[in-house]
There are 2 protein chains.
Amino acid sequence: MLSKKTKYGLKALAYLASQPDKKPVQISEIAEKENISQKFLESILLSLRKTGFLGSKKGKGGGYYLLKTPEEISMTDVMRVLEGPIAMVPCVSLNFYETCDDCPDENTCSVHKLMLQVRDSALDVYRNNTLKDIIS
Amino acid sequence: MLSKKTKYGLKALAYLASQPDKKPVQISEIAEKENISQKFLESILLSLRKTGFLGSKKGKGGGYYLLKTPEEISMTDVMRVLEGPIAMVPCVSLNFYETCDDCPDENTCSVHKLMLQVRDSALDVYRNNTLKDIIS
DNA sequence: TATTACCCTACTAATTTAATAGAGTTTTCA
DNA sequence: TGAAAACTCTATTAAATTAGTAGGGTAATA
């Protein structure tokens, strides 16, 4: 399942990408329009800022804004930051690789074989979608 | 993440599919060979039996066996039984559809748009793989 | 008829997720 | 300059899920 964190993060990014100009948008506005708990959204936006997707401006008239144009923001990067590994098992993960305790040999493991294909197909989708592609 | 239940279930099915004949295999044998907690595996095999993938035989010389040939067992069905929905959000699920509380309109939802593609790509993989395809 | 092996229920520990609370800091505008 | 707006950060918690554990019960076979 997709975590709420990722879902809300994607919605917030899409909301920012849909803005006519690049003026900062307040957390409260995004939270209200997208039906997200404001406090929870705060922490999500904070992590998106720390990972270089968003910039923020404090004080009156402040808020969050995209640091890049929507077409420069790949879903691959967004998903990795919000959701973590794209692979469903660590042993087929490109960025979060780990061996399985129970598996003596990855090359003959059925699960490995299947999940490798699933990872590649998901990556295909994420690589072919930028933030621009998913806003209506 | 793939649950251990699914992982173990797949491994057990693959183990049974790799048997030279159709004789029942004991839980204890599968558990040992695949490094799975026997009690946990019991409950997984039970659910695979109840959903029509496995048959069982009690008493001495008993155990579990496949009810169909490996090439007749689609990963789509296996994944749905073991892992549940293939979609990452209920609003794009074919078999477990639910609306989102927060989302006013699926058609303009960015998350929906992206997750629809992810679901389709995953389904593609599962539909193109039978149990026979993933055993080494 | 004893043994083997499946069947079933209930409980629990650990982990993750999704918040919630509240205090603190920075910036801006009047 | 000062008050309000708005972001920043830490800590705590409630709920849900997962992964397993315990233990007894039941059916079938040699």
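To find a chain, count down the sequence lines: A is the first, B the second, and so on, and within it residues start at 1.
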Does a side-chain heavy-atom distance below 4.5 Å link [X] with [Y]?
X     : Y     : answer
B:M79 : B:L2  : yes
B:K5  : B:S43 : no
B:T76 : B:R80 : yes
A:M75 : A:L10 : yes

Which pair of non-hydrogen atoms, one from [X] and one from [Y], has the smallest distance, and what is that distance?
X      : Y     : answer
B:I27  : B:L41 : O-CD2, 3.9 Å
B:A122 : B:I86 : CB-CG2, 4.0 Å
B:L45  : B:A12 : CD2-CB, 3.8 Å
B:G55  : B:L67 : N-CG, 3.5 Å
B:L16  : B:Y64 : CD2-O, 3.5 Å

If I take atom [atom1] in residue [X] and atom [atom2] in nucleotide [N], what distance separates them, rounded to the nearest angstrom?
X     : N      : atom1 : atom2 : answer
A:L54 : D:dA6  : CG    : P     : 17 Å
B:R49 : D:dA27 : CZ    : C1'   : 12 Å
A:L45 : D:dA6  : CG    : C1'   : 12 Å
B:L2  : D:dT18 : CG    : P     : 11 Å

Is there a side chain to side chain contact (heavy atoms under 4.5 Å, CB included) between B:Y8 and B:L82? Walk through the geometry before answering. CA-CA 10 Å; B:Y8 294 162; B:L82 291 173; over 6 Å; no
Detail all sub-3.5 Å separations between protein N/O atoms and N/O atoms belonging to nucleotides 10-16 of chain D.
none

Residues of [range] with any non-hydrogen atom less than 4.0 angstrom from an atom of DNA chain D: list those, numerically ordered, please.
range                      : answer
residues 6-13 of chain A   : none
residues 24-40 of chain A  : A:V25, A:Q26, A:I27, A:K39
residues 78-100 of chain B : none

First-last contacting nucleotides on DNA chain C - partner chain A, under 4.0 angstrom, heavy atom: C:dA18 to C:dC29
Tell me, with the steps shown, if B:E34 and A:D102 meet side chain to side chain contact (heavy atoms under 4.5 Å, CB included). CA-CA 7 Å; B:E34 298 292 344; A:D102 54 308; over 6 Å; no
Please table the atom pairs, donor to acceptor, closer than 3.5 Å between any side-chain atom in residues 90-101 of chain A and protein atoms at least two apart or in another chain.
{"from": "A:S93", "atom 1": "OG", "to": "A:F96", "atom 2": "N", "distance (Å)": "2.8"}
{"from": "A:Y97", "atom 1": "OH", "to": "A:E106", "atom 2": "OE2", "distance (Å)": "2.5"}

Tell me, with the steps shown, if A:S121 and A:D124 meet side-chain hydrogen bond (donor to acceptor under 3.5 Å, both in side chains). CA-CA 5 Å; A:S121 77; A:D124 244 27; over 6 Å; no
Any luck finding a side-chain donor-acceptor pair between A:E29 and A:Y15 under 3.5 Å?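 Present: a donor and an acceptor within the cut-off.
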Is there a donor in the side chain of B:Q38 and an acceptor in the side chain of B:S28, or the other way round, less than 3.5 Å apart? no
Both A:K58 and B:S56 contact DNA chain C. Which one's nearest nucleotide lies toward the 5' end?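 Upstream on the strand: B:S56.
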Between A:K4 and A:E42, which has a closest nucleotide on DNA chain C that is more 5'?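 On the 5' side of the pair lies A:K4.
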Hey, is the main chain of B:T130 close enough, under 3.5 Å, to the side chain of B:D133 for a donor-acceptor pair?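 Indeed, once roles are kept as given, a pair shorter than 3.5 Å links the two residues.
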